[in-house]
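Everything numeric in this text was worked out from a predicted model, so none of it was measured.
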Amino acid sequence: MFSIILGYFGAVSILAFLMMYIDKKQARQHGRRIPEKNLWTAAIFGGGIGAYLGMMMFRHKTRHTNFRVGFLMLAVIDAALLVWIYQSINEG
């Protein structure tokens, strides 16, 4: 059961990470950007870790306090939730 949950969080995190990469690339090339609401949606629905890692690795949206703080908080929440679920499953 935990592997399914971990797989979900992993897939959404990879998606969020790739979205940050693509948006940064498009910003440099003055291309079509990914709307901020889509970045937030991916982060909120389990991609907080990937969004935060992508933001830091690609130095994208790091000047925006709401992204720096928000993505960090979502990453911490996602990590804590995964630990809690893992412990809950293994207690029983």
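- Rounding to the nearest 0.5 angstrom, the gap separating the CG atom in L72 from the CD1 atom in I49 is 11.0 Å.
- Residues satisfying the salt bridge (charged side-chain N to carboxylate O under 4.0 Å, His left out) criterion with R68, sequence neighbours excluded, are absent altogether.
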Open item on the list: Checking M56 against F71 for the side-chain contact (heavy atoms from CB on, under 4.5 Å) test, could you report, in this order, the C-alpha distance in whole Å, the side-chain angles of both residues, the deciding distance, and whether it holds?
Closed with: CA-CA 10 Å; M56 299 310 290; F71 281 0; over 6 Å; no

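- The CE atom of M73 sits 12.5 Å away from atom OH of Y52, with the distance rounded to the nearest 0.5 Å.
- The distance from atom CG of N90 to atom CD1 of I85, rounded to the nearest 0.5 Å, is 12.0 Å.
- Minimum interatomic distance between M20 and A51 (heavy atoms only, all atoms of both residues): CG-O, 3.9 Å.
- Under the 4.5 Å side-chain heavy-atom criterion for grouping Ile, Leu, Val, Met, Phe, Trp and Tyr, W84 is connected to I89 within one hydrophobic cluster.
- Side-chain contact between F2 and L82: present, with at least one pair of heavy atoms (C-beta onward) separated by less than 4.5 Å.
- Screening R32, R33, R28 for a side-chain hydrogen bond (donor to acceptor under 3.5 Å, both in side chains) involving D23 leaves a single residue, R33.
- When all heavy atoms are compared, the tightest approach of S13 to G46 is OG-O, 3.5 Å.
- Going from atom CZ of F17 over to atom CD1 of I14 covers 9.5 Å, rounded to the nearest 0.5 Å.
- Under a 4.5 Å side-chain heavy-atom criterion applied to ILVMFWY residues, the cluster that includes V83 comprises that residue alone.
- Rounded to the nearest 0.5 Å, atoms CE (M57) and OH (Y21) are 12.0 Å apart.
- Taking each heavy atom of R59 and K24 in turn, the nearest pair found is O-NZ, 3.2 Å.
- Heavy atoms only, all atoms of each residue included: A16 and G50 are closest at CB-C, 4.2 Å.
- Criterion: ILVMFWY side-chain heavy atoms under 4.5 Å apart, direct or through other members. Under it, L18 and V12 are not part of a common hydrophobic cluster.
- For F58, the CZ atom is densely surrounded, since the number of other residues' heavy atoms within 6.0 Å is greater than 12.
- The hydrophobic side chain of I4 is isolated, with no ILVMFWY side chain under 4.5 Å apart from it.
- Rounded to the nearest 0.5 Å, atoms CG (D78) and CZ (F9) are 5.0 Å apart.
- Annotation for Y86: atom OH does not count as buried by contact number, only 12 or fewer foreign heavy atoms lying within 6.0 Å.
- Inter-residue side-chain proximity for F67 and H60 is flagged as unmet; no heavy-atom pair is nearer than 4.5 Å.
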